[in-house]
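Okay, so here's the structure we're looking at.
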Amino acid sequence: MFAVVDGCAPAQLRRAIDGGRAPMLARAVAEGRLHDSVAAFPSVTPVCATALATGVRQDRHRIPSINWWDRSRDRYVEYGSSFQASRRLGIARQLADVTYHLNGRHLAPEVRTVYEALDDAGVRTGGTTFLITRGRHRHRLARDRPATRLAASVMRSPLMGPKELFFADLVATQDTPCRSRFGRPGMRDQHAGCVSAHLVAHDLVDFLLLSLPDNDTHSHANGPDAQIESIEAADAEIARVAEAAGGVDRFFAEWALVVASDHSHALVTRRTDPRPAFEPFGITGPGARRTRDRIAYCPASRAAMVYVLDPEQRGSLLPRLVATGRGIEGVELVVWRDPEGRGVISSGADAAEAGELRFRPAAASGRPTDPAPDATGADPGERVVRDERGGTWIVSGALAVVGATVEDDVLRSASHPDPLGRCWSALTCVNSGDLLLSAGEGAEFPDWGGVDHLGGGSHGSLRADDAVGILIHHGLVDQDDPRGRPELAEDAWSIEDATPMILRHFGVGSTPGSP
């Protein structure tokens, strides 16, 4: 079973375990392994949930953020930052984007989800309400209630999903007494636990994705320190499934368990809006583009992206956008690619250290017109370093911008974990913006509906406090070496590791994400 506790922070999980509030997770940790797991950047749910379900980052899966600009269709894509943002950008369009287009049009067709890989191998798959649904089975939407009839009138096509699928009240492959109240926060974990218990009790699945999103909602409203209550509630739903499997002891004896979070949460102490600073460039609104509009602005809680609408203007506009971004209160880091194709991470107004770090993979120069690089590709003034996940990089400039140090040629950062790999995946995603902003401590950027989480928790930045989540594994076939990748440091775990471990457990040997 693959349980995703949305937004679960390692420190809060340990508090819940130490306080006796999460006995199922306590046993999984005591008898298995608990790792700190690094999220993607931006550390928001659509990017990270897709990485969890595919085993690859957005440079391959192509989901860049929770709000982004679709260059191919000249419009904003909104996956549900808030109800107010959805209203501003169009409820019907947002519903179609998050339900159909994310899995169909936006998620790279050549990348296989965990459902698709296991479906192809003949494993009986099942899943609960989760952003990534794509499997090999076709499911029609329910039309038995007013709310579902309204949704079905907007979303006319079947959903592709696992063999057994419960998606809010829109899809239910089995007749159960469970109701999600159309995915209302506070009821989603209970619905997921209820339908999962039914699937397990009736021996209908070999693999189950149990999505537990209410921890994220609770943390947004009440702050990270309140997670102990929502973690306790999530633990109770895992226990419900275990009881349906014949009791807790039998569950742990017969089922493998992977528990992950897609990101963590940081306390929001101030609201800061970058949009006014970019207004002079002409920000296109949710409606039709005006001829004077030159950029699109896409907030994502503690991150944001800026797109240059006309590619021919990128060379002239980007340096000015960078300078603007660096001067905005609440912006810690500004990230972009320079004319030579290198990634650049620069200090913003909130940075503890001023400077600029340039980087590129050692295997290629990033400049398609250049000749093939030599063994390292490093130029004078550059150095070659490795990261903890086996990547090799050519870097120059101020490592202190991301709190990094290099020891034995290995780059590490406790404050901004895996900064090069995460930023490179964001910069090379075909759907990402030209400029990325990462918020400073306590800062959050309001969404298109003007909503922030001041006084609560939020996430999105490159910082560790909202980007490091949990990854627990118990009972896997190769429990001592579930990743099967000796080049990875023992303490270098990522959300990308979840699906590969699951596929190895089921003996599915293809590379994660491959067709």
Side-chain angles (χ1 to χ4, degrees), residues 1-39 43 48 52 186 188-190 192-193 196-197 208-245 247-267 414 417 456-457 459 464-476 479-480 482 490-495 497-498 501-502:
M1 185 170 77
F2 184 19
V4 179
V5 184
D6 197 330
C8 185
Q12 304 308 323
L13 173 64
R14 293 181 177 97
R15 283 183 61 219
I17 289 175
D18 291 345
R21 306 280 289 272
M24 287 294 294
L25 294 174
R27 179 164 176 177
V29 170
E31 298 177 2
R33 306 283 192 279
L34 167 63
H35 307 280
D36 288 354
S37 172
V38 179
S43 48
C48 299
L52 281 173
R188 295 175 297 180
D189 285 12
Q190 294 179 44
S196 295
L208 171 66
L209 195 158
L210 172 61
S211 175
L212 300 165
D214 284 336
N215 179 71
D216 182 70
T217 306
H218 187 78
S219 186
H220 274 307
N222 302 288
D225 287 345
Q227 281 195 11
I228 191 168
E229 300 170 6
S230 43
I231 291 172
E232 181 179 30
D235 188 271
E237 298 306 327
I238 298 173
R240 182 196 291 205
V241 178
E243 290 298 332
V248 172
D249 290 338
R250 184 173 177 181
F251 173 79
F252 278 110
E254 298 182 357
W255 283 76
L257 177 64
V258 174
V259 183
S261 60
D262 47 351
H263 50 73
S264 188
H265 271 258
L267 180 65
H459 47 91
D465 47 6
D466 49 332
V468 177
I470 64 164
L471 184 57
I472 302 169
H473 54 91
H474 178 284
L476 296 174
Q479 179 71 11
D480 292 330
E490 172 55 32
D491 58 350
W493 288 77
S494 164
I495 54 176
D497 294 325
M501 291 195 303
I502 292 165

Polar side-chain atom of [X] near backbone of [Y] as donor-acceptor pair, under 3.5 Å:
{"X": "His220", "Y": "Gly457", "value": "yes"}
{"X": "Arg15", "Y": "Asp225", "value": "yes"}
{"X": "Asn215", "Y": "Asp6", "value": "yes"}
{"X": "Asp497", "Y": "Ser494", "value": "yes"}

Not counting sequence neighbours, list each pair that qualifies as a salt bridge (Lys or Arg N to Asp or Glu O under 4.0 Å) and has a residue in residues 233-245.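 Sorted result for residues 233-245: Glu237-Arg240.
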Could you state the interatomic distance from [atom1] ([X]) to [atom2] ([Y]), rounded to the nearest 0.5 Å?
{"X": "Gln227", "Y": "Ser261", "atom1": "CD", "atom2": "OG", "result": "8.5 Å"}
{"X": "Leu25", "Y": "Leu34", "atom1": "CG", "atom2": "CG", "result": "9.5 Å"}
{"X": "Asp465", "Y": "His265", "atom1": "CG", "atom2": "NE2", "result": "11.5 Å"}
{"X": "Phe251", "Y": "His474", "atom1": "CZ", "atom2": "NE2", "result": "9.0 Å"}
{"X": "Leu210", "Y": "Phe2", "atom1": "CG", "atom2": "CZ", "result": "10.5 Å"}
{"X": "Leu476", "Y": "Arg33", "atom1": "CG", "atom2": "CZ", "result": "10.0 Å"}

What closest approach, in Å, do [X] and [Y] show between heavy atoms, and which atom pair accounts for it?
{"X": "Ala464", "Y": "Ala414", "value": "CB-O, 3.3 Å"}
{"X": "Val241", "Y": "Ser196", "value": "CG2-CB, 3.6 Å"}
{"X": "Ala39", "Y": "Ser43", "value": "CB-CB, 4.0 Å"}
{"X": "Ile470", "Y": "Ala9", "value": "CG2-C, 4.1 Å"}
{"X": "Ile17", "Y": "Ala26", "value": "CG2-CB, 3.7 Å"}
{"X": "His473", "Y": "Pro482", "value": "CE1-CG, 3.6 Å"}

Among residues at least two apart in sequence or on other chains, which ones pass side-chain contact (heavy atoms from CB on, under 4.5 Å) with Ala16?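 Once residues adjacent in sequence are excluded, the partners of Ala16 under the side-chain contact (heavy atoms from CB on, under 4.5 Å) criterion are Arg21, Ala22, Ile228, Ile231.
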Among all residues two or more places apart in sequence or in another chain, which pass the side-chain contact (heavy atoms from CB on, under 4.5 Å) test with Ala239?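 Ala239 satisfies side-chain contact (heavy atoms from CB on, under 4.5 Å) with Met24 once adjacent residues are dropped.
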Does any donor atom in the side chain of Glu229 or His218 lie under 3.5 Å from an acceptor atom in the other side chain?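 Distance-only check passes for Glu229 and His218.
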Determine the interplanar angle of the His263 and His459 rings, folded into 0 to 90°, and report it as parallel if under 30°, tilted if 30 to 60°, perpendicular if over 60°.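 Aromatic pair His263/His459 classed parallel.
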With the side chain counted from C-beta on, respond yes when [X] and [Y] share a heavy-atom pair under 4.5 Å apart, and no when they do not.
{"X": "Ser37", "Y": "Ile495", "answer": "yes"}
{"X": "Pro10", "Y": "Ser264", "answer": "yes"}
{"X": "Met1", "Y": "Ile238", "answer": "yes"}

Have a look at Cys8 and tell me which of Asp216, Leu212, Asp262, Leu13 forms a side chain to side chain contact (heavy atoms under 4.5 Å, CB included) with it.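 Testing Cys8 for a side chain to side chain contact (heavy atoms under 4.5 Å, CB included) against Asp216, Leu212, Asp262, Leu13 leaves exactly one candidate, Leu13.
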